[in-house]
Protein chains: 2
Amino acid sequence: MSNSNESNTQEIIKKTAREVFFQKGLDGARMQDIADKAGINKALLHYYFRSKEKLFEIILDEEKQNFMRYLEDIITSQDITFFEKIEKIVEKQIDNMINAPHLPHFIMNEIIKRPELLNQVIGNSGFKRVFEVFVKQTSAEVKKGTIRNIKGEQLMMNIMCMDTYPFIAKPYFMNLMGIESEAEYIKVMQKRKKEVVEFIITAIKL
Amino acid sequence: MSNSNESNTQEIIKKTAREVFFQKGLDGARMQDIADKAGINKALLHYYFRSKEKLFEIILDEEKQNFMRYLEDIITSQDITFFEKIEKIVEKQIDNMINAPHLPHFIMNEIIKRPELLNQVIGNSGFKRVFEVFVKQTSAEVKKGTIRNIKGEQLMMNIMCMDTYPFIAKPYFMNLMGIESEAEYIKVMQKRKKEVVEFIITAIKL
DNA sequence: TTTTGGTTTAACCAAATGGTTAAATCTTTT
DNA sequence: AAAAGATTTAACCATTTGGTTAAACCAAAA
């Protein structure tokens, strides 16, 4: 390895650590394993990140920002219809899952182990406020008569369920559907986008 | 504690261990913690279950049987309509989640860490075969013209998503919806049953 | 060339943890 | 009362693992 790699090596470590933490969790992850997979040694690991907890916290901080934040723009936008919003939400959410398939499971995992994390993860995201906006928008659409009577909470829940769970239960669904490779599963998920949109729209449209 | 508790104590240990494993995972769980919460001591733990792995394996074996098996009766039954089947599947599945909320997350967690488990969990369940039956039934309904053109794989995926994910992301949804207690969340999930059924039926019915 | 900082090596420490053991105690059965 | 099994206590061991340290090495910048 060459010199002046400060940011480079640091990034390699973080990228590797992210993968290991995603797969094994905080407890299951081993510093030695991270070092090996990053192609460096344990001493250098601690040279950059003082401790396992520190490293974990940094990665959690970075990841939690990617968790749901992007929905704000779509939901608060004024120039598209409610149905178009749903379409964009589904597409964006599934795209994000394709890019970071382990994220929701990882986040939930750590929240279950240490419930204190919940506020840290959700609190800062501001998604709660956006969520309430969506709930009001849903009521408005019901009043307008564009969709049938449904609560925004349930609708958003259904959307998030259908976008997220196939990635949490990926190995399960892959086996069930006889899909062998990750690549093929991603293709199925790409196609699934418009299936889900159609499913939701059909379920609520009047 | 009294004597001749062989089965009794054994059950207490398993019940406690189940909770701890569900919450902390195999790596995060501590034998001392299990012993404390079960109101016994570490020595007795090893007296009944030789090792942590052994204990874990026993619990995993018991739990994986509760995972999805119950769907067979509903799907293969001849005397109810396709829509009634969906209704029963949703109700049964949500009921099961209420009784064992951590199960799917727990199972997925361990499968991610040790992919070899997948065959052990799904293979024996026989659900794959039942799943294929459902897929054929869906095609048949499409041909009959009772439902719109949709693949059985996607439909079943949607059903499982909406039944399961709200329990995996329970802390997240609770916070989002401003629900304070587990009991209240369960009530919401009870009500949700017919919402989900309505949602699905509306999404596919012609 | 000297200096600086990234990197390795290798030995080491302390704490946590799974697991064992032996003896004593208590309870139920015979 | 004696035997057998359940349970506790408490000490102990071996391993894993996070973390530290000191010395040496090496590449690039000054």
Side-chain angles (χ1 to χ4, degrees), chain A residues 1-62 106 109-110 112-114 116-117, chain B residues 1-62 106 109-110 112-114 116-117:
Chain A
M1 300 283 156
S2 57
N3 199 331
S4 82
N5 271 356
E6 176 173 358
S7 63
N8 198 353
T9 305
Q10 208 162 311
E11 281 311 309
I12 291 174
I13 293 176
K14 283 205 297 196
K15 191 185 165 192
T16 311
R18 195 181 301 121
E19 285 167 21
V20 176
F21 280 137
F22 276 13
Q23 200 185 350
K24 305 279 187 179
L26 172 57
D27 298 308
R30 297 283 157 258
M31 293 299 265
Q32 190 62 58
D33 187 33
I34 294 173
D36 291 346
K37 286 192 171 119
I40 56 158
N41 55 345
K42 213 174 53 167
L44 197 60
L45 237 186
H46 286 91
Y47 173 81
Y48 279 109
F49 305 90
R50 198 172 305 284
S51 71
K52 188 184 183 185
E53 269 68 30
K54 199 85 190 158
L55 176 58
F56 181 79
E57 201 184 312
I58 288 170
I59 285 166
L60 183 66
D61 271 357
E62 288 183 4
F106 169 73
N109 216 2
E110 300 307 324
I112 289 173
K113 280 184 204 158
R114 292 152 54 203
E116 327 85 71
L117 282 180
Chain B
M1 300 283 157
S2 57
N3 199 331
S4 83
N5 273 356
E6 176 173 358
S7 64
N8 197 354
T9 305
Q10 209 162 310
E11 280 312 309
I12 291 174
I13 292 176
K14 283 204 300 197
K15 190 184 167 191
T16 311
R18 196 180 301 122
E19 286 167 19
V20 176
F21 280 137
F22 276 12
Q23 200 184 351
K24 306 278 188 179
L26 173 57
D27 299 309
R30 297 284 157 257
M31 292 300 265
Q32 190 62 59
D33 187 34
I34 295 173
D36 290 347
K37 286 192 171 119
I40 56 158
N41 55 347
K42 215 175 50 168
L44 195 61
L45 238 187
H46 287 91
Y47 173 81
Y48 278 108
F49 305 90
R50 197 171 305 282
S51 70
K52 189 186 183 184
E53 269 67 31
K54 199 83 190 159
L55 177 57
F56 181 79
E57 200 184 313
I58 288 170
I59 286 165
L60 184 67
D61 270 358
E62 288 183 4
F106 168 73
N109 216 3
E110 300 306 324
I112 288 172
K113 280 185 206 159
R114 292 153 54 201
E116 327 85 70
L117 282 179

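Residue numbers start from 1 in every chain, and the chains themselves are labelled A, B, ... in the order their sequence lines are given, proteins ahead of strands.
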Problem set entry | B:Gln10 CD to D:dG5 C1', straight-line distance once rounded to whole Å | 14 Å
For this session: Using the test side-chain hydrogen bond (donor to acceptor under 3.5 Å, both in side chains), find all partners of A:Gln32 that sit at least two apart in sequence or belong to another chain.
Result: A:Asp36
Problem set entry | Interatomic distance, A:Phe49 CZ vs D:dT20 P [rounded to whole Å] | 15 Å
Exercise. In whole angstroms, how far is the P atom of D:dG18 from the CG atom of A:Leu44?
Worked result: 16 Å
For this session: Could you check how far NE2 of B:His46 sits from P of D:dA6, rounded to whole Å?
Result: 18 Å
Seminar exercise, completed: Tightest non-hydrogen contact, residues B:Ala17 and B:Ile59, listed as CB-CD1, 3.4 Å
Exercise. Does the side chain of B:Phe21 come within less than 4.5 Å of B:Leu55's, by heavy atoms?
Worked result: yes
Exercise. What are the two closest non-hydrogen atoms of A:Ser51 and A:His46, and how far apart are they?
Worked result: CA-CD2, 4.4 Å
For this session: For the pair B:Phe106 and B:Phe22, name the ring-plane relationship: parallel under 30°, tilted 30 to 60°, perpendicular over 60°.
Result: tilted
Exercise. Any idea which of D:dT7, C:dT20, D:dG19 is nearest the A:Lys42 side chain?
Worked result: D:dG19
Exercise. Using 4.0 Å as the upper bound for N to carboxylate O, is an ion pair formed by A:Glu57 and A:Lys54?
Worked result: no
Exercise. What's the CD1-P distance between A:Ile40 and C:dT8, to the nearest Å?
Worked result: 7 Å
For this session: Determine: side-chain N/O of B:Thr9 to OP1/OP2 of D:dA6, distance under 4.0 Å, yes or no.
Result: no
Problem set entry | Nucleic acid contacts - residues 50-57 of chain B versus DNA chain C, non-hydrogen atoms under 4.0 Å | B:Arg50, B:Ser51, B:Lys52, B:Glu53
Problem set entry | Validation row: A:Ile40, A:Thr16 side chains within 4.5 angstrom (heavy atoms) | no
Problem set entry | Evaluation steps, salt bridge (Lys or Arg N to Asp or Glu O under 4.0 Å), between A:Lys113 and A:Asp27 | CA-CA 10 Å; A:Lys113 280 184 204 158; A:Asp27 298 308; 3.3 Å; yes
Problem set entry | Selection: residues 22-37 of chain A, any non-hydrogen atom under 4.0 Å of DNA chain C | none
Problem set entry | D:dT7 OP1/OP2 closer than 4.0 Å to side-chain N/O of B:Asn41 | no
Exercise. For the side chain of A:Lys52 and the backbone of A:Ala29, is there at least one donor-acceptor N/O pair under 3.5 Å apart?
Worked result: yes
Exercise. Does the side chain of B:Tyr47 get closer than 4.0 angstrom to OP1 or OP2 of D:dT7 through an N or O atom?
Worked result: no
